[in-house]
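All remarks here apply to the structure that follows.
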2 protein chains.
Amino acid sequence: MNIKCAILGLLSWKPSTGYDLKKIFEESSIMYWSGNNNQIYKTLIQLHNDGLVDSEVQHQESSPSKKIYSITEKGLIELRQWVLSTPEAPEFKKTFLIQLAWADTLGKEELDSLLSKYEEEIKIQLILQQEKRKRGTHVPNRTPRETYIWDMIFENIISSCQNELDWVGKMRRELKEKVL
Amino acid sequence: MNIKCAILGLLSWKPSTGYDLKKIFEESSIMYWSGNNNQIYKTLIQLHNDGLVDSEVQHQESSPSKKIYSITEKGLIELRQWVLSTPEAPEFKKTFLIQLAWADTLGKEELDSLLSKYEEEIKIQLILQQEKRKRGTHVPNRTPRETYIWDMIFENIISSCQNELDWVGKMRRELKEKVL
DNA sequence: CAAACCATGTAAGCTGTTACATGATTTC
DNA sequence: GAAATCATGTAACAGCTTACATGGTTTG
């Protein structure tokens, strides 16, 4: 999986400029790339060289000119092929768990404070994701099934946050109850 | 967060060679680095230059000589400081969700097959993690609280898998029931 | 006798990030 | 008049991966 596929997907939804894509990446919950120029503009050129996208320059008065990219037939075939490919297991990068692994040197209050900070961090994430779901910008609604799929994508992210929150809550409670 | 902290943590547990660390990284559930030579040996040299670790060469007959690294006082202070630093929110890189985002072009069977493949992938992950927990190699047990902490670390990973599994299960069920 | 293990290291390359560069227009 | 938005691109660097290089020992 790489950013090429994500861009092809977005372009299959609607033609866009590099700048449009950048904003979508910045906002997106699932497309985890930062949306930096270097990657997006270079990838678009590459996709163009491979014949997977077309580009049309639109000159504008009183605005810089745009390059509007759209997906080609070949691009649609490539996208479909990728969508059908064997899924990868999710990657969890929880640096907090590594931090926690060596946290036995901390005092009782220090440890609880660390856990509470993590809890706060997740709570912020959760609210952010719930807001994104409500706003629902950059969500295609071409068929009822597509709407359902995107709803489940948001549910996945939110339930991951909720799961993490439950876990911290349990740990804080147990550390208070137990005599360790 | 970077690999330096993880290595300091491991060395605070016990002195090790680069090769030892490599194996721990390869096996570890939470320390997500691949454990490649380039990164480990270079980081050890860097930590040594910074005075955070000591190294002692042990010549062996009928075996290549080892460099046994151990953490210094300065290293312990650095580690403690890092453990107390503000935690980062977890990063979820679920490429499957991006794949799913453009999966409405698939037929009913194709979509269910895709979901079932993902389900299988997670099931394998879950079993793997449960086995790692049982084996419990590379787990320090210096105090009851440390044992509890490491137990909660494994619980975190396993509950993440379980949560993902529940989500796929629900989606497959709903797609069968609903008329979309 | 091949494969795997022990043990250290290097080279080349890919991915992704931050920051820089330009320049017009709109909003506060 | 400063800051943000629109719009495209480049340069330098950090992080991480695969593969290469060496060479002895143990296991199947």
Side-chain angles (χ1 to χ4, degrees), chain A residues 1-8 10-11 15-28 30-50 53 55-70 88 91-93 95 98 137-138, chain B residues 1-8 10-11 15-28 30-50 53 55-70 88 91-93 95 98 137-138:
Chain A
M1 167 62 199
N2 52 48
I3 200 165
K4 276 189 198 178
C5 307
I7 288 178
L8 281 183
L10 290 171
L11 293 181
S16 309
T17 65
Y19 190 76
D20 293 332
L21 295 172
K22 184 185 155 87
K23 280 187 296 175
I24 294 174
F25 279 119
E26 274 166 2
E27 274 238 331
S28 173
I30 53 167
M31 290 174 262
Y32 45 82
W33 300 273
S34 70
N36 67 86
N37 296 347
N38 204 353
Q39 218 175 352
I40 290 173
Y41 290 108
K42 270 185 183 160
T43 307
L44 281 170
I45 288 164
Q46 227 176 297
L47 287 170
H48 193 251
N49 289 341
D50 295 346
V53 301
S55 83
E56 193 200 337
V57 182
Q58 202 179 80
H59 292 286
Q60 298 171 119
E61 339 162 359
S62 80
S63 254
S65 36
K66 292 174 173 185
K67 274 190 194 168
I68 299 167
Y69 288 92
S70 49
E88 294 167 30
E91 271 177 65
F92 303 109
K93 290 201 178 177
T95 59
I98 313 179
T137 41
H138 310 308
Chain B
M1 168 60 202
N2 52 50
I3 200 165
K4 277 189 196 177
C5 308
I7 288 178
L8 280 184
L10 290 171
L11 293 181
S16 309
T17 65
Y19 190 78
D20 292 334
L21 295 172
K22 185 184 154 90
K23 278 188 296 175
I24 295 173
F25 279 118
E26 275 167 0
E27 274 238 332
S28 173
I30 53 167
M31 289 174 261
Y32 45 82
W33 301 274
S34 71
N36 66 88
N37 296 348
N38 204 351
Q39 219 174 353
I40 291 174
Y41 289 108
K42 271 186 183 160
T43 307
L44 282 170
I45 288 164
Q46 228 176 295
L47 288 170
H48 193 251
N49 289 342
D50 295 346
V53 302
S55 83
E56 194 200 335
V57 181
Q58 202 180 83
H59 292 284
Q60 299 172 118
E61 341 161 355
S62 79
S63 254
S65 33
K66 292 176 175 186
K67 273 190 194 168
I68 298 167
Y69 288 92
S70 49
E88 294 167 31
E91 270 177 66
F92 303 109
K93 291 203 178 177
T95 59
I98 315 180
T137 40
H138 310 310

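- Taking atom CD1 of residue A:I68 and atom P of nucleotide D:dA7, one finds them 9 Å apart after rounding to whole Å.
- Side-chain contact between B:I7 and B:Y69: absent, with no pair of heavy atoms (C-beta onward) separated by less than 4.5 Å.
- Within the 4.5 Å cutoff, the side chain of B:T17 has no heavy atoms near those of the B:K67 side chain.
- To the nearest angstrom, C1' of C:dT15 lies 10 Å from CD1 of A:I3.
- Look at OH on A:Y19: it is 12 Å from P on D:dA4, rounded to the nearest Å.
- Here the side chain of B:T43 pairs a donor or acceptor atom with the backbone of B:Q39 at under 3.5 angstrom.
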Query raised in the report: Where does DNA chain D pair, written as one dot-bracket string 5' to 3', with Watson-Crick or G-U pairs under 3.5 Å, ( ) inside the strand, [ ] for crossing pairs and | for another strand?
Result: ||||||||||||||||||||||||||||

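- Separation of atoms CD1 (B:I3) and CG (B:N36) is listed at 7.5 Å; rounding is to 0.5 Å.
- One atom, NZ of A:K4, and another, P of C:dC14, lie 11 Å apart when rounded to the nearest Å.
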Which protein N or O atoms sit under 3.5 Å from an N or O of nucleotides 9-13 of chain C?
| unit_1 | atom_1 | unit_2 | atom_2 | d |
| --- | --- | --- | --- | --- |
| C:dG9 | OP1 | B:K67 | NZ | 2.6 |
| C:dG9 | N7 | B:N37 | ND2 | 3.4 |
| C:dG9 | O6 | B:N37 | ND2 | 2.6 |
| C:dA11 | N6 | B:N38 | ND2 | 2.4 |
| C:dA12 | N6 | B:N38 | ND2 | 3.1 |

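- For the pair B:E91 CD and D:dG15 P, the interatomic distance rounds to 13 Å; values are reported in whole Å.
- Under the rule for a side chain to side chain donor-acceptor pair (under 3.5 Å), A:K93 has no partner lying at least two apart in sequence or in another chain.
- Side-chain contact between A:Y19 and A:I40 is absent, with no heavy-atom pair separated by less than 4.5 Å.
- For B:S65 and C:dT8, the shortest distance from a side-chain N or O to OP1 or OP2 is not below 4.0 Å.
- Residue B:E26 comes nearest to B:S34 through the heavy atom pair CG-O, 3.6 Å, listed as atom of the first residue, atom of the second, then distance.
- With D:dC16, C:dT17, D:dT8 as the candidates, the nucleotide lying closest to the side chain of A:S34 is C:dT17.
- Heavy-atom nearest nucleotides on DNA chain C were determined for B:D20 and for B:K93, and the one closer to the 5' end corresponds to B:D20.
- The CH2 atom of B:W33 sits 14 Å away from the C1' atom of D:dA14 (whole-angstrom rounding).
- With rounding to whole Å, B:Q60 atom CD is found 14 Å from D:dT26 atom C1'.
- Side chains of A:D50 and A:K4 form a contact here, defined as non-hydrogen atoms less than 4.5 Å apart.
- Atom P of nucleotide C:dG16 and atom CG of A:L21 are separated by 15 Å, given to the nearest angstrom.
- By the 4.5 Å heavy-atom criterion applied to side chains, A:L11 and A:S16 are counted as neighbours.
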